[in-house]
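Below, read A as the first sequence line, B as the second, and so on, with proteins coming before strands; counting in each chain starts at 1.
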2 protein chains.
Amino acid sequence: MVHEVEHRTLTAYLEEHSLKNTKQRAAILDVFLSATGHITSEVLFQQVREQHSNIGYTTVYRTMKLLCDAGLASERRFDDGVTRFEIAHEHHDHLVCTRCGKIIEFECAMIEKTQNEIAERHGFRVLRHRHELYGHCRDCREDSP
Amino acid sequence: MVHEVEHRTLTAYLEEHSLKNTKQRAAILDVFLSATGHITSEVLFQQVREQHSNIGYTTVYRTMKLLCDAGLASERRFDDGVTRFEIAHEHHDHLVCTRCGKIIEFECAMIEKTQNEIAERHGFRVLRHRHELYGHCRDCREDSP
DNA sequence: CGTGAAAATGAAAATCATATTCAAATTCAA
DNA sequence: TTGAATTTGAATATGATTTTCATTTTCACG
(Lines give C-alpha, C1' and ligand atoms only; values in the text may rest on other atoms or scores of the structure.)
Protein backbone atom coordinates (compact mmCIF):
# COMPACT_ATOMS: atom_id res chain seq x y z
CA MET A 1 0.00 0.00 0.00
CA VAL A 2 1.46 3.31 -1.02
CA HIS A 3 1.52 6.24 1.35
CA GLU A 4 0.82 3.91 4.18
CA VAL A 5 2.27 6.14 6.86
CA GLU A 6 0.27 9.13 5.71
CA HIS A 7 -2.94 7.14 5.54
CA ARG A 8 -2.37 6.02 9.09
CA THR A 9 -1.77 9.59 10.14
CA LEU A 10 -5.03 10.63 8.52
CA THR A 11 -6.95 7.76 10.08
CA ALA A 12 -5.57 8.59 13.48
CA TYR A 13 -6.55 12.23 13.04
CA LEU A 14 -10.06 11.29 11.94
CA GLU A 15 -10.58 8.95 14.88
CA GLU A 16 -9.18 11.52 17.26
CA HIS A 17 -11.74 14.04 16.03
CA SER A 18 -14.73 11.73 15.54
CA LEU A 19 -14.62 12.23 11.80
CA LYS A 20 -15.24 9.59 9.21
CA ASN A 21 -12.90 7.66 7.02
CA THR A 22 -14.32 8.05 3.54
CA LYS A 23 -13.04 6.83 0.19
CA GLN A 24 -12.99 10.42 -1.07
CA ARG A 25 -10.61 11.49 1.64
CA ALA A 26 -8.30 8.58 1.02
CA ALA A 27 -8.38 9.16 -2.73
CA ILE A 28 -7.61 12.87 -2.42
CA LEU A 29 -4.74 12.16 -0.05
CA ASP A 30 -3.29 9.70 -2.55
CA VAL A 31 -3.48 12.10 -5.46
CA PHE A 32 -2.07 14.91 -3.36
CA LEU A 33 0.90 12.86 -2.21
CA SER A 34 1.61 11.71 -5.75
CA ALA A 35 1.55 15.22 -7.15
CA THR A 36 4.74 17.22 -7.23
CA GLY A 37 5.53 20.69 -6.05
CA HIS A 38 3.06 23.34 -5.04
CA ILE A 39 -0.30 22.33 -6.40
CA THR A 40 -3.43 24.47 -6.64
CA SER A 41 -6.89 23.22 -5.67
CA GLU A 42 -7.87 23.58 -9.30
CA VAL A 43 -5.11 21.30 -10.62
CA LEU A 44 -5.53 18.92 -7.73
CA PHE A 45 -9.22 18.65 -8.50
CA GLN A 46 -8.50 17.87 -12.14
CA GLN A 47 -6.05 15.14 -11.17
CA VAL A 48 -8.49 13.70 -8.68
CA ARG A 49 -11.15 13.66 -11.38
CA GLU A 50 -9.00 11.57 -13.68
CA GLN A 51 -9.25 8.68 -11.24
CA HIS A 52 -12.50 9.48 -9.50
CA SER A 53 -14.93 11.18 -11.82
CA ASN A 54 -17.53 11.54 -9.13
CA ILE A 55 -15.64 13.54 -6.53
CA GLY A 56 -16.74 17.16 -6.30
CA TYR A 57 -14.72 20.33 -6.14
CA THR A 58 -16.11 21.13 -2.72
CA THR A 59 -14.87 17.86 -1.31
CA VAL A 60 -11.38 18.54 -2.60
CA TYR A 61 -11.39 21.96 -0.94
CA ARG A 62 -12.70 20.60 2.30
CA THR A 63 -10.34 17.67 2.32
CA MET A 64 -7.28 19.82 1.71
CA LYS A 65 -8.26 21.93 4.68
CA LEU A 66 -8.58 18.73 6.65
CA LEU A 67 -5.16 17.49 5.52
CA CYS A 68 -3.67 20.80 6.66
CA ASP A 69 -5.32 20.42 10.04
CA ALA A 70 -4.02 16.87 10.24
CA GLY A 71 -0.50 18.12 9.58
CA LEU A 72 -0.15 16.33 6.26
CA ALA A 73 -0.33 19.39 4.01
CA SER A 74 0.62 23.05 4.23
CA GLU A 75 -1.26 25.86 2.62
CA ARG A 76 0.61 28.63 0.81
CA ARG A 77 -0.77 31.68 -0.88
CA PHE A 78 1.63 33.60 -3.07
CA ASP A 79 0.92 36.89 -4.79
CA ASP A 80 -1.22 35.49 -7.57
CA GLY A 81 -4.03 35.01 -5.07
CA VAL A 82 -4.43 31.27 -5.56
CA THR A 83 -3.95 28.87 -2.69
CA ARG A 84 -1.42 26.11 -3.23
CA PHE A 85 -0.67 23.05 -1.16
CA GLU A 86 2.62 21.37 -0.44
CA ILE A 87 3.38 18.19 1.41
CA ALA A 88 4.08 19.26 4.96
CA HIS A 89 7.70 19.26 5.93
CA GLU A 90 10.07 21.44 7.91
CA HIS A 91 9.67 25.16 7.96
CA HIS A 92 11.00 26.99 4.93
CA ASP A 93 10.43 30.04 2.76
CA HIS A 94 10.08 30.52 -0.97
CA LEU A 95 11.59 32.02 -4.09
CA VAL A 96 8.91 32.53 -6.74
CA CYS A 97 9.65 33.19 -10.41
CA THR A 98 7.08 35.65 -11.71
CA ARG A 99 7.70 34.57 -15.29
CA CYS A 100 7.52 30.79 -15.31
CA GLY A 101 5.96 30.24 -11.89
CA LYS A 102 8.80 28.09 -10.63
CA ILE A 103 8.90 27.84 -6.85
CA ILE A 104 12.09 27.11 -4.95
CA GLU A 105 12.27 26.54 -1.23
CA PHE A 106 14.96 27.96 1.02
CA GLU A 107 15.69 28.28 4.67
CA CYS A 108 18.07 30.41 6.62
CA ALA A 109 18.57 30.08 10.35
CA MET A 110 20.24 33.45 10.48
CA ILE A 111 17.27 35.27 9.03
CA GLU A 112 14.94 33.38 11.36
CA LYS A 113 17.01 34.36 14.33
CA THR A 114 17.29 37.97 13.24
CA GLN A 115 13.59 38.38 12.62
CA ASN A 116 12.79 36.99 16.03
CA GLU A 117 15.16 39.48 17.58
CA ILE A 118 13.51 42.32 15.69
CA ALA A 119 10.09 41.14 16.80
CA GLU A 120 11.22 40.87 20.40
CA ARG A 121 12.56 44.39 20.23
CA HIS A 122 9.03 45.53 19.35
CA GLY A 123 7.47 43.40 22.06
CA PHE A 124 6.07 40.93 19.55
CA ARG A 125 5.79 37.21 19.94
CA VAL A 126 6.00 35.74 16.44
CA LEU A 127 3.65 32.83 15.74
CA ARG A 128 4.29 32.43 12.04
CA HIS A 129 5.73 34.38 9.18
CA ARG A 130 5.91 34.55 5.45
CA HIS A 131 9.01 35.45 3.59
CA GLU A 132 8.73 35.34 -0.17
CA LEU A 133 11.18 36.56 -2.76
CA TYR A 134 9.67 37.33 -6.17
CA GLY A 135 11.81 37.68 -9.24
CA HIS A 136 13.22 35.85 -12.22
CA CYS A 137 14.81 32.46 -12.04
CA ARG A 138 17.99 31.46 -13.80
CA ASP A 139 16.12 30.41 -16.93
CA CYS A 140 13.94 33.50 -17.09
CA ARG A 141 16.29 36.35 -16.28
CA GLU A 142 17.43 38.28 -19.31
CA ASP A 143 20.92 39.01 -18.11
CA SER A 144 21.75 35.32 -17.74
CA PRO A 145 25.40 35.12 -16.77
CA MET B 1 -2.68 74.19 0.24
CA VAL B 2 -2.10 70.98 2.07
CA HIS B 3 -0.28 68.08 0.44
CA GLU B 4 0.99 70.45 -2.18
CA VAL B 5 3.99 68.34 -3.12
CA GLU B 6 1.92 65.21 -3.53
CA HIS B 7 -0.67 66.98 -5.63
CA ARG B 8 2.08 68.21 -7.91
CA THR B 9 3.43 64.69 -8.17
CA LEU B 10 0.00 63.43 -9.12
CA THR B 11 -0.56 66.19 -11.66
CA ALA B 12 2.82 65.52 -13.22
CA TYR B 13 2.01 61.81 -13.45
CA LEU B 14 -1.38 62.51 -15.02
CA GLU B 15 0.08 64.85 -17.63
CA GLU B 16 2.85 62.43 -18.37
CA HIS B 17 0.28 59.74 -19.10
CA SER B 18 -2.39 61.84 -20.82
CA LEU B 19 -4.78 61.27 -17.96
CA LYS B 20 -7.13 63.84 -16.54
CA ASN B 21 -7.00 65.88 -13.41
CA THR B 22 -10.36 65.35 -11.75
CA LYS B 23 -11.76 66.60 -8.46
CA GLN B 24 -12.36 63.00 -7.40
CA ARG B 25 -8.71 62.11 -7.75
CA ALA B 26 -7.59 65.16 -5.84
CA ALA B 27 -10.15 64.51 -3.11
CA ILE B 28 -9.17 60.87 -2.71
CA LEU B 29 -5.50 61.79 -2.57
CA ASP B 30 -6.25 64.28 0.21
CA VAL B 31 -8.22 61.82 2.28
CA PHE B 32 -5.60 59.13 1.77
CA LEU B 33 -2.74 61.40 2.86
CA SER B 34 -4.69 62.53 5.92
CA ALA B 35 -5.48 58.99 7.01
CA THR B 36 -3.07 57.19 9.28
CA GLY B 37 -1.48 53.80 9.06
CA HIS B 38 -2.46 51.02 6.72
CA ILE B 39 -5.91 51.80 5.44
CA THR B 40 -8.26 49.47 3.57
CA SER B 41 -10.22 50.49 0.49
CA GLU B 42 -13.37 50.03 2.53
CA VAL B 43 -12.35 52.46 5.28
CA LEU B 44 -10.85 54.86 2.79
CA PHE B 45 -14.11 54.85 0.87
CA GLN B 46 -16.07 55.63 4.03
CA GLN B 47 -13.78 58.52 4.88
CA VAL B 48 -13.99 59.85 1.33
CA ARG B 49 -17.77 59.66 1.53
CA GLU B 50 -17.87 61.85 4.62
CA GLN B 51 -16.58 64.76 2.58
CA HIS B 52 -17.76 63.77 -0.89
CA SER B 53 -21.02 61.90 -0.76
CA ASN B 54 -21.11 61.41 -4.50
CA ILE B 55 -17.84 59.59 -5.07
CA GLY B 56 -18.27 55.91 -5.87
CA TYR B 57 -16.51 52.86 -4.54
CA THR B 58 -15.17 52.07 -7.97
CA THR B 59 -13.49 55.43 -8.28
CA VAL B 60 -11.73 54.93 -4.95
CA TYR B 61 -10.44 51.56 -6.09
CA ARG B 62 -9.27 52.90 -9.41
CA THR B 63 -7.70 55.96 -7.90
CA MET B 64 -5.73 53.99 -5.33
CA LYS B 65 -4.31 51.87 -8.11
CA LEU B 66 -3.41 55.09 -9.88
CA LEU B 67 -1.72 56.52 -6.80
CA CYS B 68 0.32 53.33 -6.52
CA ASP B 69 1.37 53.67 -10.15
CA ALA B 70 2.27 57.29 -9.53
CA GLY B 71 4.48 56.25 -6.64
CA LEU B 72 2.39 58.01 -3.99
CA ALA B 73 0.91 54.91 -2.37
CA SER B 74 1.97 51.32 -1.78
CA GLU B 75 -0.36 48.38 -1.77
CA ARG B 76 -0.04 45.70 0.89
CA ARG B 77 -2.02 42.56 1.29
CA PHE B 78 -1.62 40.73 4.57
CA ASP B 79 -3.10 37.38 5.44
CA ASP B 80 -6.63 38.60 6.06
CA GLY B 81 -7.06 38.93 2.31
CA VAL B 82 -7.90 42.63 2.30
CA THR B 83 -5.75 45.12 0.44
CA ARG B 84 -4.39 48.02 2.46
CA PHE B 85 -2.61 51.15 1.34
CA GLU B 86 0.18 53.05 2.98
CA ILE B 87 1.81 56.31 2.02
CA ALA B 88 4.77 55.35 -0.09
CA HIS B 89 8.10 55.60 1.64
CA GLU B 90 11.30 53.63 1.84
CA HIS B 91 11.25 49.88 1.63
CA HIS B 92 10.30 48.08 4.80
CA ASP B 93 8.61 44.96 6.10
CA HIS B 94 5.86 44.36 8.64
CA LEU B 95 4.95 42.90 11.98
CA VAL B 96 1.22 42.17 12.15
CA CYS B 97 -0.66 41.48 15.37
CA THR B 98 -3.28 38.84 14.66
CA ARG B 99 -5.29 39.86 17.71
CA CYS B 100 -5.67 43.63 17.52
CA GLY B 101 -4.57 44.16 13.94
CA LYS B 102 -1.73 46.51 14.85
CA ILE B 103 0.87 46.84 12.11
CA ILE B 104 4.45 47.81 12.84
CA GLU B 105 7.07 48.46 10.20
CA PHE B 106 10.64 47.27 10.40
CA GLU B 107 13.64 47.07 8.19
CA CYS B 108 16.85 45.15 8.42
CA ALA B 109 19.72 45.60 6.01
CA MET B 110 21.23 42.34 7.11
CA ILE B 111 18.18 40.30 6.22
CA GLU B 112 17.92 42.08 2.89
CA LYS B 113 21.52 41.31 2.12
CA THR B 114 21.20 37.71 3.20
CA GLN B 115 18.09 37.06 1.17
CA ASN B 116 19.73 38.48 -1.93
CA GLU B 117 22.67 36.18 -1.41
CA ILE B 118 20.34 33.21 -1.06
CA ALA B 119 18.51 34.18 -4.22
CA GLU B 120 21.74 34.62 -6.13
CA ARG B 121 22.83 31.20 -5.01
CA HIS B 122 19.71 29.81 -6.71
CA GLY B 123 20.25 31.91 -9.82
CA PHE B 124 17.37 34.23 -8.96
CA ARG B 125 17.24 37.94 -9.52
CA VAL B 126 14.92 39.33 -6.83
CA LEU B 127 12.55 42.06 -7.98
CA ARG B 128 10.51 42.43 -4.83
CA HIS B 129 9.75 40.50 -1.69
CA ARG B 130 7.38 40.27 1.18
CA HIS B 131 8.45 39.50 4.67
CA GLU B 132 5.70 39.52 7.25
CA LEU B 133 5.81 38.38 10.85
CA TYR B 134 2.47 37.44 12.35
CA GLY B 135 1.97 37.15 16.07
CA HIS B 136 0.90 38.98 19.18
CA CYS B 137 2.01 42.46 20.06
CA ARG B 138 3.10 43.63 23.47
CA ASP B 139 -0.46 44.48 24.50
CA CYS B 140 -1.99 41.26 23.23
CA ARG B 141 0.47 38.56 24.27
CA GLU B 142 -0.63 36.63 27.31
CA ASP B 143 2.80 36.13 28.82
CA SER B 144 3.42 39.87 29.02
CA PRO B 145 6.74 40.29 30.79
C1' DC C 1 -14.53 81.23 -25.00
C1' DG C 2 -16.67 76.93 -27.66
C1' DT C 3 -16.14 72.17 -29.14
C1' DG C 4 -15.42 67.58 -29.49
C1' DA C 5 -12.53 63.64 -28.84
C1' DA C 6 -10.63 61.24 -25.16
C1' DA C 7 -10.91 60.00 -20.57
C1' DA C 8 -13.39 59.50 -16.12
C1' DT C 9 -17.25 58.47 -13.38
C1' DG C 10 -20.54 55.59 -10.91
C1' DA C 11 -24.11 52.13 -10.71
C1' DA C 12 -24.77 47.72 -11.85
C1' DA C 13 -23.24 43.44 -13.27
C1' DA C 14 -19.35 40.17 -13.80
C1' DT C 15 -15.35 37.63 -11.92
C1' DC C 16 -13.03 34.47 -9.30
C1' DA C 17 -11.61 31.92 -5.50
C1' DT C 18 -13.55 30.10 -1.67
C1' DA C 19 -17.35 29.04 1.66
C1' DT C 20 -21.92 27.59 2.91
C1' DT C 21 -26.41 25.31 2.43
C1' DC C 22 -29.14 21.35 2.26
C1' DA C 23 -31.14 17.04 0.78
C1' DA C 24 -29.45 12.59 -0.03
C1' DA C 25 -25.88 9.14 0.81
C1' DT C 26 -22.44 7.05 3.69
C1' DT C 27 -20.00 5.70 7.85
C1' DC C 28 -19.48 3.17 12.03
C1' DA C 29 -20.32 2.36 17.04
C1' DA C 30 -23.32 -0.13 19.61
C1' DT D 1 -28.51 -4.25 11.56
C1' DT D 2 -29.52 0.12 12.69
C1' DG D 3 -29.72 4.88 13.29
C1' DA D 4 -27.45 9.03 14.74
C1' DA D 5 -23.83 11.66 13.18
C1' DT D 6 -21.05 12.85 9.50
C1' DT D 7 -20.05 13.53 4.62
C1' DT D 8 -20.96 14.39 0.02
C1' DG D 9 -21.82 17.16 -4.10
C1' DA D 10 -24.62 20.36 -6.65
C1' DA D 11 -26.16 24.60 -6.26
C1' DT D 12 -26.03 28.84 -4.24
C1' DA D 13 -23.81 32.48 -1.47
C1' DT D 14 -20.03 35.36 -0.25
C1' DG D 15 -16.81 39.05 -0.44
C1' DA D 16 -13.22 41.54 -2.47
C1' DT D 17 -12.11 43.34 -6.66
C1' DT D 18 -12.84 44.29 -11.69
C1' DT D 19 -15.30 45.26 -15.77
C1' DT D 20 -19.05 47.19 -18.45
C1' DC D 21 -21.37 50.90 -20.32
C1' DA D 22 -24.14 54.96 -20.65
C1' DT D 23 -23.42 59.48 -19.09
C1' DT D 24 -20.58 63.25 -17.59
C1' DT D 25 -16.30 65.77 -17.35
C1' DT D 26 -11.84 67.38 -18.82
C1' DC D 27 -8.83 70.02 -21.70
C1' DA D 28 -6.18 70.77 -26.10
C1' DC D 29 -7.06 73.18 -30.02
C1' DG D 30 -9.25 76.31 -32.89
DNA chain D: 5'-proximal contact among G81(B) and L19(A) (nearest heavy atom) =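 Its nucleotide being nearer the 5' end, the pick is L19(A).
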Along DNA chain D (nearest heavy atom to each residue), the more 5'-positioned of V82(B) and S18(A) |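 Nearer the 5' end of the strand: S18(A).
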Contacting residues from residues 49-64 of chain A, given that a heavy atom lies under 4.0 angstrom of DNA chain C |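 Per residue number, the list reads T58(A), Y61(A), R62(A).
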Between residues 23-47 of chain A and DNA chain C, which residues have a heavy-atom gap below 4.0 Å?
->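 Only K23(A) qualify.
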Could you tell me the separation between the CG atom of L10(A) and the P atom of dT7(D), rounded to a whole number of Å?
->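 Going from L10(A) (CG) to dT7(D) (P), I get 11 Å.
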Take the protein atom CD of E15(A) and the nucleotide atom C1' of dT6(D), then report the distance between them rounded to whole Å.
->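 Atom-to-atom, E15(A) to dT6(D), this comes out as 15 Å.
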Does the pair H131(A) and H94(A) meet the rule for a ring pair (Phe, Tyr, Trp, His ring centres under 6.0 Å), with working shown?
-> CA-CA 7 Å; H131(A) 192 179; H94(A) 297 85; over 10 Å; no
Under 3.5 Å, is there an N or O donor on one side and an acceptor on the other linking the side chain of K20(B) and the base of dT26(D)?
->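 Answer is yes: a donor-acceptor pair is held.
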Which distance, rounded to the nearest 0.5 Å, do you find between the CG of L19(A) and the OG1 of T22(A)?
->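 So the gap between those two atoms works out to 10.0 Å.
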Would you say the side-chain atoms of [X] and [Y] include a donor-acceptor pair closer than 3.5 Å?
X       : Y       : result
Q115(B) : H129(B) : yes
H17(B)  : D69(B)  : no
Y13(A)  : E15(A)  : no
H89(B)  : E105(B) : yes
Q46(B)  : E42(B)  : yes

What are the 5'-most and 3'-most nucleotides of DNA chain C lying under 4.0 Å from any heavy atom of chain A?
->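 Nucleotide range with atoms under 4.0 Å of chain A: dA17(C) to dC28(C).
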Between E142(A) and R99(A), is there a salt bridge with N-O shorter than 4.0 Å?
->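 Result for this pair is yes, salt bridge flagged.
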Flag the pair R128(A) and E75(A) as a salt bridge only when some basic side-chain nitrogen lies within less than 4.0 angstrom of an acidic carboxylate oxygen.
->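 No, this pair does not count.
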Neighbour count >12 (heavy atoms, 6.0 Å) for atom NZ, K102(B) =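 Counting neighbours around NZ of K102(B), more than 12 heavy atoms of other residues, nucleotides or ligands fall under 6.0 Å, so yes.
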When clusters are formed by joining ILVMFWY residues with side-chain heavy atoms under 4.5 Å apart, either directly or through shared neighbours, do F78(A) and I87(A) land in the same one?
->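 Unlinked, F78(A) and I87(A) end up in two clusters.
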